[in-house]
Amino acid sequence: MEKPVILAVDDEPSVLAAVTRDLRRHYATAYDVERAASGVEALAVLGELKLANRVVALFLVDQRMPEMSGVEFLAQAMELYPEARRVLLTAYADTDAAIQAINEVKLDHYLMKPWHPPDELLYPVLDDLLDDWRANYQPVFEGVRVVGHRWLADGHRVRDFLARNLIPYRWLDIETDLEAPTLRELAGAAAEPLPLVILADGTALSRPTIAALAEKVGLHTHAVAETYDLVVVGTGPAGLAAAVYGASEGLRTLLIEREAPGGQAGTSSRIENYLGFPVGLSGADLTRRAVQQARRFGAEILTPVEAVGLQTQDGYHILTLSDGSKVAAQALIVATGVSYRLLDVPGAERLSGAGLYYGAAMTEALGVQGQDVFVVGAGNSAGQAALHLARYAKSVTLLVRGKSLAESMSQYLIERIDEAENVAVQTGASINALVGEESLEAVAILDSASGAVTEVPARAVFVFIGASPRTDWLKGKLQLDQQGFILSGADLMRQPNRKPDGWLAEREPFWLETSVPGIFVAGDVRRQSTKRIASAVGEGAMAVTLVHQHLRGPAPAQRPAGM
Ligand SMILES: Cc1cc2nc3c(=O)[nH]c(=O)nc-3n(C[C@H](O)[C@H](O)[C@H](O)COP(=O)(O)OP(=O)(O)OC[C@H]3O[C@@H](n4cnc5c(N)ncnc54)[C@H](O)[C@@H]3O)c2cc1C
């Protein structure tokens, strides 16, 4: 953590040098002593400090300076650092101004020049003020700051990305947070589009792309090598488990993730049925632990990078990544899970991120404080989200298309929902349209029994209406079912003892092996998988065992050409 700052301001070079020397001699271990030769220069220094998220503990300022007096400077400095202690350096003739300043700029002390010997005249006074400052000082948040307004879809995108990648950030709403407009101005971005992302070193990015943001916050986006023993696509529970087992068993392992580690499980507010965690744990916790574990064994994780193409050549599987680069693997595990299905009603596209959210109950929960919100869906993910949002929102209404939750939600969640005073369940109901231009204002709800449509005010709707695999990039490469789930093992053997079309190996496909030898599938993206964290983890681990069996077979003929 960087030290707090003491700022000395004086227009006379010899006095400034002397006061800086004395301050550094006594305070350098605990404070950074900065200096400025005028009030204007000092304000510029303060702007830079604010942008870099530094704190100022004390101002020691000469009263008599041309252009801007000490008191005039302090009046402006207070707006940026209201908590800093304020000391004026005065000559005898300035005593009146100093006394007046006690009220005007809440002056803490005025010191007569000269202050020698400092051990008697300077340090005791400043020690006292700095002790006082420390006692009331709240350490600043040191991570990324995001300035935006609540209904900005790009703002939601940036916050969701940071949260899901476990990067701490502070959100500053331009309409309600007093510091937000100042920071925007100091960054020279008053006219630039929001959101504004201010990094720990003070660098500001206006409406950054996710790729640019990922680079700047230090995420790993380029593979170190061209060829790996094992490449895993997707870092949900299945992919992370595969990486832990692969890397720990000596395979050079690369993981590729399009959005953020954790997959669907990473968005869960509370997982209560995962073995070994009797009181449950959040998806973010599970993800943090699994990522740490995979890295500890040496797995490399690229994020956010999407696998967009696949080609098999000379026994190597070559992936094309979203940045155009390629990476080759002796064995590949596809663990790309499923993605939320989108709501297909008028207004949905326009209001996505501006009141309509897919998943995102964790990112947006604080923003719904005191509001009436809706959750659409009847599965466990909808139930978890409703209970999590109920801790912040005034009321949560769960809109369920069917007659009850019993067919689709676990009993423990149904009981919790019954007990929650501010959660209501509306069955036979679905959303017909979303109303609002810039942000969501109301939802039109269709009652399936009566056919009536009612418009109800709403500021936020969270959608959990099932999910589908996004495997378009694998069409024609691997055998998929009609919904896009990947076929493997016995599913590929249409007739007993008849190998799948195009199958090139002597042996039959292993259990989790796809229609291409050496390419395996694990987790929710597999046809007829269980759609549970534990099953995904089990399949990830099992796939690695099968990878070893595959690698013990005939070796690839040669390195792929052009790599
Ligand atoms: C809100 C919520 C709560 C849940 N709660 C529970 C629970 O309490 N208990 C339970 O057992 N189950 C729960 N589930 C279900 C569980 O999370 C899933 O079954 C599990 O996450 C599936 O894991 P997976 O690794 O197969 O896929 P996913 O978790 O879907 O992960 C797949 C990953 O692959 C990435 N990806 C996709 N395509 C590409 C590509 N082309 N290139 C790079 N990366 C790609 C995705 O971005 C994603 O991160 C919940 C699900 C949700 C949504």
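Both ligands and their constituent atoms are indexed starting at 1 by order of listing. Note that the structure is a prediction, hence the values are computed from the model and not measured.
Applying the ring-ring contact (aromatic ring centres under 6.0 Å, His included) rule to pairs touching residues 326-357 yields H156-Y357, Y340-F464, Y357-F462, sequence neighbours excluded.
D524 contributes atom CG, which lies 10.0 Å from atom CZ of R532 (distance to the nearest 0.5 angstrom).
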Pairs under 3.5 Å, nitrogen or oxygen of ligand 1 with protein nitrogen or oxygen:
| from | atom 1 | to | atom 2 | distance (Å) |
| --- | --- | --- | --- | --- |
| ligand 1 | 5 (N) | Q384 | NE2 | 3.1 |
| ligand 1 | 8 (O) | Q384 | NE2 | 2.8 |
| ligand 1 | 9 (N) | N273 | OD1 | 2.8 |
| ligand 1 | 11 (O) | I533 | N | 2.9 |
| ligand 1 | 17 (O) | A265 | N | 3.3 |
| ligand 1 | 19 (O) | D524 | OD1 | 3.1 |
| ligand 1 | 19 (O) | D524 | OD2 | 3.0 |
| ligand 1 | 19 (O) | R532 | N | 3.3 |
| ligand 1 | 21 (O) | A265 | N | 3.4 |
| ligand 1 | 25 (O) | P237 | N | 3.2 |
| ligand 1 | 25 (O) | A238 | N | 2.9 |
| ligand 1 | 26 (O) | D524 | N | 2.8 |
| ligand 1 | 29 (O) | Q264 | N | 2.9 |
| ligand 1 | 30 (O) | Q264 | NE2 | 2.8 |
| ligand 1 | 30 (O) | V338 | N | 3.4 |
| ligand 1 | 38 (N) | R258 | NH1 | 3.4 |
| ligand 1 | 41 (N) | A307 | O | 3.0 |
| ligand 1 | 42 (N) | A307 | N | 3.0 |
| ligand 1 | 44 (N) | R258 | N | 3.0 |
| ligand 1 | 47 (O) | E257 | OE2 | 2.6 |
| ligand 1 | 49 (O) | E257 | OE1 | 2.8 |
| ligand 1 | 49 (O) | E257 | OE2 | 3.0 |

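One finds a salt bridge joining D481 and R527 here, because a Lys/Arg side-chain nitrogen approaches an Asp/Glu carboxylate oxygen to under 4.0 Å. Electrostatic pairing of R507 and E513 counts as a salt bridge here, judged by a charged N lying under 4.0 Å from a carboxylate O. Look at R159 and E364 and you find a salt bridge, because one of the NZ, NE, NH1 or NH2 atoms lies within 4.0 Å of a carboxylate O, short of that distance.
Within a 6.0 Å sphere centred on CG of D344, heavy atoms belonging to other residues, nucleotides or ligands number 12 at most.
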